Amino acid sequence: MKNKYILGALAVAAAMSMTSCSDFLNDNRYPLSSQTVNSEFWSNSVNVENQISTFYNDYYGYGNRASTNGTFYFSWLSDDQCGRHGINDWTFKAIPSSATSYNGPYEEIRRANLVIEGVEGSSLTAAQKANYLGLARLHRARQYYQLVQRYGDVILAKKTVDVSDGDILYGERTNRNTVMDFVLEDLNYAVENISAQSGKTTFSKDMAQAFKLEVCLFEGAFAKYHQNDAARAKKFFEEAEKAGLAVADKYPVCDDYGSLYNRIKYGDLAANDEIIMYKGYEKSVFMNSITDYSNASDGVAGITRDAFNAFLFKDGKNATTTPATTYPTTDEGVAEGDNAMSIQNLLDVRDGRLSAITYPYAAYVNMPWQASNTGGMVSSTGYGVKKFNNPDMPADDVNSINKNYCSAPLFWGARVHVGLLEAKAELGNISDGDLNKYMKPLWKRAGFDQAAIDGLTVAYLNGLNDTANNMGVSSLIWEIRRLRRCELMLDDGIRYWDLIRWHQLELLDTTKHPNVILGVNVKNAPIAPELVTGNYLNGSFGATRTFDEKYYLYPIPSGQTQLNSKLGQNPGWK
């Protein structure tokens, strides 16, 4: 029975309930059946596309109905948000017996390998084969990327695993660098062979390039900031730059930042030139719960004081350098009687993306605030989350689980632009021309003063020297990271993995960095003293989150290490 449980990680969780390994291998390749062992099945393009369609389930967007939350807004382990009812602690604080973050990717890797092997042995045309193989290898790359992000060294299975493959099933983990080199091979094949753009809700060559950019940014930064490997960092930053340049100019930023996130008419995002790929939702057909959760009376995971302070003033300067006479740097709101506190004065002087992310009124216990189509909401930090609420969505839909239908961007122009700028900055070849093409349009959309936009140069960013820079990097790199943070705030779990790759996870330690649990300045409004630290609303409810170096990697589930002692365990976990 030992084989059966090992295959639970390398194959499908359903195998756990079966009594025969051979039965599992022959008849239970969910969602593929035993008929897939023959070339006739794989020679039918409809069958292949049906199998590839399951790959879309890995892109959560705003969620897959009420049962599965998405990766936008709901990724609360970061310095951008404090959880709905207090801080979110580390994903694992003890070694679990099993974990979907370990088993799940291996199920998908097996599925991708089955498609690859089936298509290779089919009678499809060369062009069809290349496209389908590209899609399957893209999916396999995504799964290995997610495994390496979480677990570091992992077992590498380049083919469908059989019970006779003891060297894989009971072998040692493969070094993460080798796995990521394999991921890059898959991605390069995908961007060369996937068909050109055919729709914005489907996989495409451009989507593969955008994803490759993200992967190579991660690996380049990991090599530089974790491994001190300059040559490897350069290799992956160059691959990131190459991928970004392949698509950036094709997807210019739109005029309305909020429209990327709160469109409620199905198909609206397809008409947006900035969108590369999105996940569509439609009223009464396929819906999510993001608007309800982010506008709830029983708790909203609001943005933090740390996140709020990341946004520059409209003159393109930070609190260190902006003249207080021109852009008041106070963070005090304005009380409006006993029941409301406006923060509009704070938003008016900042980067306009902040106004698209949070509401102009504070919302907390004993002072709930509501928008035109919500009930009274209460935020953990006082800052509400406006980003995913379209004012034209009826209140009954906004305030109901699984009745929200804003469509979710997955890959889009701004995400590519900020990634490309980072790759170029890390390579040391960023130019004023790059800022003109990829940063100034973002500042223009965010409503910066025209003088600030005109004065945006590499020299300017190098000279800002923000005293809040706590990452030990140059002013230029810090400002590019700020741009990425502000542009992609609450998006796709991005911030947490950025902190991982930059070797900055310590910034989530609430005992050393209290601004990641604090919120609005409530000096001018009535509030219970126990909810306040200094003048600031404290969203932690008394809890703390303490950093340990081991949290850079998840622990290998004990169920796996008991079955294969060669797996070992990640550093610090015992």
Side-chain angles (χ1 to χ4, degrees), residues 73-91 93 293-311 319 329-336 338-347 350 354 357-370 376-387 468 470 485 489-490 495-496 499 504-548 551:
Y73 170 72
F74 294 104
S75 299
W76 299 334
L77 180 54
S78 81
D79 51 357
D80 284 344
Q81 286 176 278
C82 195
R84 295 177 66 205
H85 305 118
I87 64 166
N88 272 62
D89 215 336
W90 306 105
T91 305
K93 296 194 72 175
Y293 272 99
S294 61
N295 292 272
S297 61
D298 63 343
V300 171
I303 66 169
T304 65
R305 184 179 181 222
D306 193 80
F308 191 99
N309 289 342
F311 289 86
T329 56
T330 178
D331 60 3
E332 296 176 12
V334 178
E336 295 185 358
D338 294 331
N339 298 314
M341 187 178 78
S342 172
I343 60 170
Q344 187 67 61
N345 61 313
L346 310 180
L347 301 179
R350 296 265 186 171
L354 185 57
I357 290 170
T358 193
Y359 287 106
Y361 282 84
Y364 50 88
V365 176
N366 297 325
M367 191 176 280
W369 182 80
Q370 63 186 71
M377 69 184 75
V378 174
S379 167
S380 61
T381 62
Y383 294 118
V385 177
K386 175 184 178 183
K387 190 169 185 175
N470 57 3
R485 181 183 192 181
M489 191 167 287
L490 313 186
R495 180 63 178 177
Y496 175 78
L499 294 178
Q504 297 294 332
L505 200 59
E506 185 184 5
L507 297 182
L508 300 189
D509 189 315
T510 63
T511 65
K512 297 178 180 178
H513 304 281
N515 277 353
V516 304
I517 54 175
L518 299 182
V520 295
N521 185 329
V522 291
K523 177 181 178 181
N524 296 327
I527 189 169
E530 63 269 19
L531 299 178
V532 177
T533 297
N535 291 325
Y536 298 95
L537 187 66
N538 190 321
S540 71
F541 290 83
T544 59
R545 182 174 56 225
T546 305
F547 170 74
D548 188 301
Y551 293 129

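All figures in this text were calculated on a predicted structure; none of them were measured in a lab.
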L346 side chain reached by L354 side chain, heavy atoms, under 4.5 Å:
no

N/O donor-acceptor pair under 3.5 Å between S342 side chain and Y361 backbone
no

Once the angle between the rings of Y359 and W369 is folded into 0 to 90°, is it parallel (under 30°), tilted (30 to 60°) or perpendicular (over 60°)?
tilted

Suppose we screen for side chain to side chain contact (heavy atoms under 4.5 Å, CB included). Which residues come up paired with S379, at least two apart in sequence or across chains?
V300, T381

Which residues pass the salt bridge (charged side-chain N to carboxylate O under 4.0 Å, His left out) test with E336, not counting sequence neighbours?
none

Run the ring-ring contact (aromatic ring centres under 6.0 Å, His included) test against Y496 and tell me which residues pass, sequence neighbours left out.
none

How far apart are the closest heavy atoms of H85 and G299, and which atoms are they?
NE2-CA, 4.1 Å

Tell me, with the steps shown, if I343 and Y383 meet side-chain contact (heavy atoms from CB on, under 4.5 Å).
CA-CA 9 Å; I343 60 170; Y383 294 118; 3.8 Å; yes

Any residue meeting ring-ring contact (aromatic ring centres under 6.0 Å, His included) with Y73, in chain and number order, not counting sequence neighbours
W76

Applying salt bridge (charged side-chain N to carboxylate O under 4.0 Å, His left out), can you list everything that pairs with D80, at least two apart in sequence or on another chain?
R485

Residue list, ring-ring contact (aromatic ring centres under 6.0 Å, His included) with Y551, at least two apart or on another chain:
W90, W573

Does R84 have any salt bridge (charged side-chain N to carboxylate O under 4.0 Å, His left out) partners at least two apart in sequence or in another chain, and if so, which?
D298

CG-NZ distance between L490 and K386, expressed to the nearest 0.5 angstrom:
13.5 Å

Pair listing, salt bridge (Lys or Arg N to Asp or Glu O under 4.0 Å) test, anchored in residues 520-548, at least two apart
E332-K523

Give me the one residue out of T510, V516, I517 that meets side chain to side chain contact (heavy atoms under 4.5 Å, CB included) with S540.
I517

Can you check whether R350 reaches F308 side chain to side chain, under 4.5 Å on heavy atoms?
yes

Counting only N and O atoms by type, is there a donor-acceptor contact under 3.5 Å from the side chain of T304 to the main-chain atoms of D79?
yes

Using side-chain hydrogen bond (donor to acceptor under 3.5 Å, both in side chains) as the criterion, list what pairs up with Y536, not counting sequence neighbours.
R305, D331

Qualifying residues under side-chain hydrogen bond (donor to acceptor under 3.5 Å, both in side chains), relative to T511, sequence neighbours excluded:
D509

Can you measure from OG (S78) to CG (D306) and round to the nearest 0.5 angstrom?
9.5 Å

For N309, the side-chain hydrogen bond (donor to acceptor under 3.5 Å, both in side chains) test, sequence neighbours excluded, returns none

Mark yes or no for whether S380, through its side chain, and G302, through its backbone, hold a donor-acceptor pair below 3.5 Å.
yes

Value rounded to 0.5 Å, distance of CG in N295 from CD in Q370
11.0 Å

When rounded to the nearest 0.5 Å, the distance separating CE of M341 from CD1 of I527 is 8.5 Å

CG (N366) with more than 12 external heavy atoms under 6.0 Å
no

Look at the side chain of K512 and the backbone N and O of F547, then say whether any donor-acceptor pair between them is shorter than 3.5 Å.
no

About how many Å separate OG1 of T91 and CG of D89, when rounded to the nearest 0.5 Å?
9.0 Å

Would you compute the distance between atom CG of N470 and atom CG of N515 and round it to the nearest 0.5 angstrom?
10.0 Å

Run the side-chain contact (heavy atoms from CB on, under 4.5 Å) check on T358 and L347 step by step: do they pass?
CA-CA 9 Å; T358 193; L347 301 179; 4.0 Å; yes

V365 to L531 - nearest heavy-atom pair and separation
CB-CD1, 4.3 Å

If I compare all heavy atoms of A301 with all of Q81, which pair ends up nearest, and what's the gap?
O-NE2, 3.2 Å

Just to verify, what does S75 make a side-chain hydrogen bond (donor to acceptor under 3.5 Å, both in side chains) with, not counting sequence neighbours?
none

